[in-house]
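Working notes, beginning with the structure itself.
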Amino acid sequence: MLEQTVDALRKQDGVDDWLARHIQKTSTQYYVIGPSPESRRTVTSDQVAVVVMNDHPSAKKDEGPMRGEAEVTILPSDLHHLPEKLSRAVFMARLTNNPAYGLPGPSEYPTLDLADSAMQGQPREVAERLIQQLTEALATEKDVRLSSAEVFVEESRIDIQNSRGVSGRQMQTELLFDFVLLASHKKEEMESHIAFTRRRAADLDVSALAHCQAQYARDAVVAGTPKTGTFPVVVSDEALAELLMSSGHSPLVLRSAAQLKYQRMSTWEIEESIFSKEPSGDPFTLYSNALLPFGTRSGSFDKEGLPAQRVPIVENGVLSHFWATQRYAEYLEISPTGSFGNMEIAAGSLPFESLLDGEGPLYHVVAFSAMSPDPLTGDFVGEIRLGYEMWKGRTRPVRGGSISGNLFDVLAAAQFSQETVFLGDYKGPRGMRFARITVAGA
Amino acid sequence: MSWQNLSPELTSAGETLRELVSEMERKAPYAAALLARNGGLQVVVNDREQRVTETQPSQGLVLTVWNGAYFEEAASGDLSREDMFKLARHLVETVDVSTSRQAIDPGPATHAHFVTPCVTDSTTFTPKDKLDLCMELHTKARRLDPRIVNVQVRYSETLESKVFANRTKQLSQNVLRLRLNVAMFVSDGQQLQYDWVSKDGTGGLELIRVSDEELLKLRDSTVALLSAEKVPPGMYEVICAPDVSGVIAHEAFGHGVELDMFLKDRARAEQYLGKPIASPLVDILDDPSYSGGHGFYFFDDEGQLSSPTYIIRRGVFERGLADLFSAHSLRVPRSANGRRESFERKVYARMSNTFFARGDTAVQRMIESVERGVYLKHTSSGMEDPKGWGMQVTSHYGEEIVNGKLTGRLFAPVGITGYVPDILQSVSAVGDDFALSGGTCGKGHKEWVPVSSGGPHLKLKARLG
């Protein structure tokens with residue numbers, strides 16, 4: 001499909017630059033309810049994502065040539081009318097006027113670990129084995145049972161070419177493992193729900209995860225409501241990754257994007273502090289790391305064909321680089337870095353257990369219902385799905401109520417754990433202690 | 001070719017579906033086939049960029065067989081006749097059929113093609129016309145205040161085509177969804193704030209007009225957000241605007257009555273079937289047949305024709321929302337709520353247009369009845385918790401009410417939490433207005449489908465923070 005598409009792009013009038021990404025994917029999906037299968041599925045898909053660029057004179061006299069671009073996706077059934085599809089893309093690209101920009105040229109791409117050979121060779125067996133490991137681990141857990149689980153084992157092959165000579169290929173795998181446990185206590189029942197995305201099965205210790213989630217489910221049944229006030233709050237593991245990374249929609253990612261800077265929607269400046277307050281916590285250092293082995297946002301090249309990099313974005317609380325695709329790098333006259341990769345944050349100064357020290361009250365949040373800080377302002381509000389209140393040497397589980405604040409303000413006064421964790425698209429401190437966060441509880 | 005007809009690829013593949021079903025039913029007790037295609041146009045204009053492009057299309061076939069205990073599926077983007085039969089034969093060969101369970105009812109014989117009605121058909125306008133529409137709105141909005149640093153106008157038009165067949169049914173539909181969003185960004189040099197106005201629905205351009213008055217209101221709310229404060233945490237009397245009411249109906253309650261959650265023992269609602277759960281003033285419905293709603297469709301992805309479902313009537317929980325597997329397993333009547341994100345994903349029980357029914361209290365009277373409270377105007381997000389029934393809804397901002405009057409003091413953002421039955425039982429007035437807002441809804445953190453939610457203004461009590 002890619003060759004036919006590229007051939008047609010080369011022949012198409014009005015295409016001044018082009019980019020084509022061929023994505024072939026297979027997915028094996030296995031769903032269970034309790035011990036019984038709910039569904040099994042296999043899926044194959046094949047498509048070429050094409051971007052065409054058209055250069056044309058500006059309607060205004062004082063402006064140079066303008067560029068417009070349009071995306072079209074070529075599906076197998078489109079192959080017999082490719083010129084028609086591409087002609088429509090050129091028509092759309094001609095309509096828009098943007099300052100000229102280019103595409104990346106050829107590069108040497110790093111060789112990265114992105115695929116799990118077991119998932120490539122025996123996807124069904126991998127899916128079944130994960131469910132079996134989960135079931136076996138839960139057999140020893142008192143008052144806890146499996147509600148449901150879903151496993152997706154996916155393999156993709158991505159080939160990329162562009163009009164400037166870029167040519168690359170990568171094979172990658174992705175595993176989604178989602179499960180819900182139910183714990184009962186007297187007549188009450190409560191759940192713990194978790195979803196993990198990884199590139200290889202070996203990065204999930206299913207037994208340990210099952211035991212941890214089983215304890216969370218048992219604690220959720222007897223949890224009380226947090227107090228109302230302003231308290232130190234520790235956020236850890238998946239909940240911390242959710243707060244900081246938000247599946248790529250993080251304000252840390254968006255504010256450091258050259259695109260947002262160009263669109264005047266980021267107020268950040270190079271060599272200036274990202275905090276509005278004087279930092280008083282551990283130094284905050286953030287990298288965009290697309291080279292992280294088996295990182296879910298790693299890749300030898302990004303969507304445009306820029307090679308993977310590890311780029312310092314924030315060093316000791318000061319913005320050092322905007323991450324930039326080719327277009328916005330040219331607009332801001334900076335070096336392109338490629339798309340934002342995995343979030344890597346430097347470790348902190350204290351052992352994790354020390355973050356929980358103090359008379360209290362202190363809250364340790366291990367799960368939010370959902371936590372997505374506003375991508376532009378950094379303001380956040382999140383319901384506590386499960387946490388622990390520590391006060392005068394006692395620990396009690398809590399749920400309900402919410403924590404709120406501004407991500408940049410709380411990071412400025414945060415302490416990070418020395419221990420780091422790898423959670424798919426996040427590598428960094430296992431926990432952070434935020435000095436003062438508003439808790440709305442009982 | 002008119003958008004109202006199926007594309008040649010779907011027409012040709014659709015003619016094969018009944019044969020594929022027969023092929024699979026030579027071994028399996030029940031089989032079905034679905035062709036699904038999404039595609040359309042997107043236009044984006046902001047201060048510094050313009051873009052006219054195709055929305056990423058998806059097209060494929062899903063073959064489903066019932067093996068006596070559960071559904072097995074094979075799906076592919078390849079729609080050639082030869083490959084579709086190859087897929088069907090391979091699926092049937094690998095299925096291990098058990099005959100110990102009840103058979104699936106294919107439903108009454110139905111053959112039909114459906115098309116969304118529209119007054120001003122957007123497809124008769126060129127991409128250039130749509131770009132001009134966005135640029136005109138951008139120019140108007142951009143002039144309104146010197147503190148505006150950017151305005152982004154986004155138009156999207158999606159044509160969703162489906163063809164479903166089982167041994168008794170051959171159904172097809174073309175549903176045209178439109179959405180227009182104007183987002184305004186302002187800065188006082190220190191901080192950045194934003195707000196937006198959004199119009200959407202299934203039908204024609206008449207659904208998505210943004211007036212000059214709405215742009216002025218957007219300017220006022222966005223600029224006012226620059227001086228917004230944090231809400232002091234606590235319990236409040238709250239007036240919810242329709243889109244906040246809708247997110248309560250959808251996130252807080254709707255997800256917990258999707259019947260696959262009952263099968264998984266994940267829904268506390270199961271204990272309340274036939275019992276009071278909300279104030280007697282409250283009716284909540286899910287209605288995929290609600291004309292113009294962003295979650296509208298004629299039949300679901302399992303061939304069930306759309307009709308309204310009363311979930312709560314006069315405060316009593318009547319019934320949940322079913323896909324075929326949950327209805328079959330729980331032995332309850334089906335509703336048209338079996339939906340999938342695309343051919344690449346499984347069907348789940350999902351909402352469509354979910355809303356509180358209209359009441360009879362004037363909105364102004366509701367505000368006047370609040371001594372100290374908050375008017376929640378605009379939702380930004382929400383998340384379900386069907387087992388714990390903890391509610392999380394985030395309002396982009398709210399305005400203080402003191403002694404029955406709006407004070408102009410804004411709080412942003414505002415988190416609304418609480419125990420769902422407590423919140424539903426606290427509803428003390430239901431407005432005489434009604435509006436739906438469209439968006440996409442996930443199940444957990446994935447499986448996105450178009451929906452809408454809304455209703456009238458509501459007066460209730462909730463914990464804000």
Side-chain angles (χ1 to χ4, degrees), chain A residues 27 29 31 33 36-47 49 68-73 75-77 89 91-92 95-98 147-148 178 180 182 189-191 193 195 220 228 247 262-265 267 369-370 372 374 376-377 379 381-383 385 399-402 404 438-440, chain B residues 9 46-54 56-57 59-60 69-80 127-128 131 149-150 185 187 190-194 230 233-234 263-266 325 343-344 346 380-381 383 385 387-388 390-392 394 412-415 417 419 444-445 463-465:
Chain A
S27 176
Q29 304 167 6
Y31 307 78
I33 296 181
S36 308
E38 182 197 7
S39 184
R40 286 179 194 273
R41 309 185 77 238
T42 55
V43 183
T44 57
S45 64
D46 193 356
Q47 59 178 44
E69 70 171 47
E71 284 177 31
V72 287
T73 301
L75 301 170
S77 58
F91 172 75
M92 290 190 288
L95 293 175
T96 55
N97 298 307
N98 295 297
S147 159
S148 57
D178 178 306
V180 181
L182 294 168
E189 207 170 48
M190 203 57 78
E191 70 174 34
H193 176 198
T228 293
S247 306
Y262 174 70
Q263 291 175 348
R264 302 192 192 105
M265 290 194 279
T267 52
S369 296
S372 307
D374 185 295
L376 285 180
T377 65
D379 290 336
V381 184
E383 192 206 25
R385 185 61 63 92
R399 53 176 283 118
S402 63
S404 61
T438 302
V439 178
Chain B
E9 292 88 10
N46 65 42
D47 276 25
R48 311 206 73 182
E49 286 176 90
Q50 304 169 349
R51 191 172 168 82
V52 179
T53 197
E54 193 182 67
Q56 194 182 0
Q59 177 174 283
Y70 58 90
F71 287 113
E72 300 200 39
E73 292 191 329
S76 169
D78 197 331
L79 300 188
S80 66
K128 171 84 168 61
L131 175 65
V149 293
N150 204 339
F185 303 85
S187 176
Q190 300 293 312
Q191 56 161 333
L192 190 75
Q193 279 292 354
Y194 68 100
K230 301 291 175 211
L263 278 180
K264 296 168 184 171
D265 288 335
R266 290 190 65 193
F325 183 69
F343 77 97
E344 297 186 47
K346 170 186 174 296
S380 54
S381 65
M383 189 65 192
D385 178 17
K387 191 70 181 175
M391 180 171 90
Q392 175 179 337
T394 306
V414 183
T417 57
Y419 183 55
H445 296 278
R463 185 189 301 132
L464 306 183

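Computed over heavy atoms, backbone and side chain alike; hydrogens, waters and symmetry mates excluded. Below, chains carry the letters A, B, ... as their sequence lines are ordered, and counting in each starts from 1. Keep in mind it's a predicted model, so treat the numbers as computed, not measured.
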Could you tell me which non-hydrogen atom of [X] sits nearest to which non-hydrogen atom of [Y], and how far apart they are?
X: B:Gly77; Y: A:Pro76; answer: O-CG, 4.0 Å
X: A:Ala70; Y: B:Val52; answer: CB-O, 3.5 Å
X: A:Arg385; Y: B:Asp385; answer: NH2-CB, 3.3 Å
X: A:Arg399; Y: B:Gly388; answer: NH2-CA, 3.5 Å
X: B:Pro233; Y: A:Ala440; answer: CB-CB, 3.6 Å
X: A:Thr377; Y: B:Gln193; answer: CG2-OE1, 3.8 Å

Examine whether an atom of [X] lies under 4.5 Å from a heavy atom of chain B, and if so say whether it belongs to the side chain, the backbone or both; otherwise answer neither.
X: A:Gln47; value: side chain
X: A:Val180; value: side chain
X: A:Gln29; value: side chain
X: A:Thr228; value: side chain
X: A:Asn97; value: both
X: A:Ser369; value: both
X: A:Leu95; value: both

Name the region of [X], side chain, backbone, both or neither, that has any atom closer than 4.5 Å to a heavy atom of chain A.
X: B:Glu72; result: both
X: B:Asp265; result: both
X: B:Arg51; result: both
X: B:Thr394; result: side chain
X: B:Lys230; result: side chain
X: B:Phe343; result: both
X: B:Leu263; result: both

- Item | Partner chain A: residue of B:Asp47, B:Leu79, B:Leu464, B:Asn46 with the largest heavy-atom pair count (under 4.5 Å) |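 Most pairs with chain A among the choices: B:Asn46.
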
If you round to the nearest 0.5 Å, how far is [atom2] of [Y] from [atom1] of [X]?
X: B:Arg48; Y: A:Gln263; atom1: CZ; atom2: CD; result: 9.0 Å
X: B:Asp78; Y: A:Ser45; atom1: CG; atom2: OG; result: 11.5 Å
X: A:Met92; Y: B:Glu54; atom1: CE; atom2: CD; result: 5.5 Å
X: B:Thr417; Y: A:Glu383; atom1: OG1; atom2: CD; result: 6.5 Å
X: A:Glu69; Y: B:Thr53; atom1: CD; atom2: OG1; result: 7.5 Å
X: B:Lys387; Y: A:Met190; atom1: NZ; atom2: CE; result: 8.0 Å

- Query: Does a side-chain heavy-atom distance below 4.5 Å link B:Phe71 with A:Arg41?
  - Reply: no

- Find out whether A:Arg264 and B:Phe185 are in side-chain contact, i.e. whether some heavy atom of one side chain is under 4.5 Å from a heavy atom of the other.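 No, their side chains stay 4.5 Å or more apart.
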
- For the candidates A:Val381, A:Thr438, A:Asp178, A:Asp46, which exhibits the highest count of non-hydrogen atom pairs separated by less than 4.5 Å from chain B?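 The answer is A:Val381.
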
- Query: What residue in A:Gly401, A:Ala89, A:Ala195, A:Ala49 has the most heavy-atom pairs under 4.5 Å with chain B?
  - Reply: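 Highest number of heavy-atom pairs under 4.5 Å: A:Gly401.
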
- Query: Judged by atom type as modelled, is there a donor-acceptor pair below 3.5 Å linking the side chain of B:Glu73 to the main-chain atoms of A:Ser39?
  - Reply: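 No: the side chain of B:Glu73 does not pair with the backbone of A:Ser39.
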
- Item | Distance-only side-chain donor-acceptor flag, A:Ser27 / B:Glu344, under 3.5 Å |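 Distance-only check fails for A:Ser27 and B:Glu344.
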
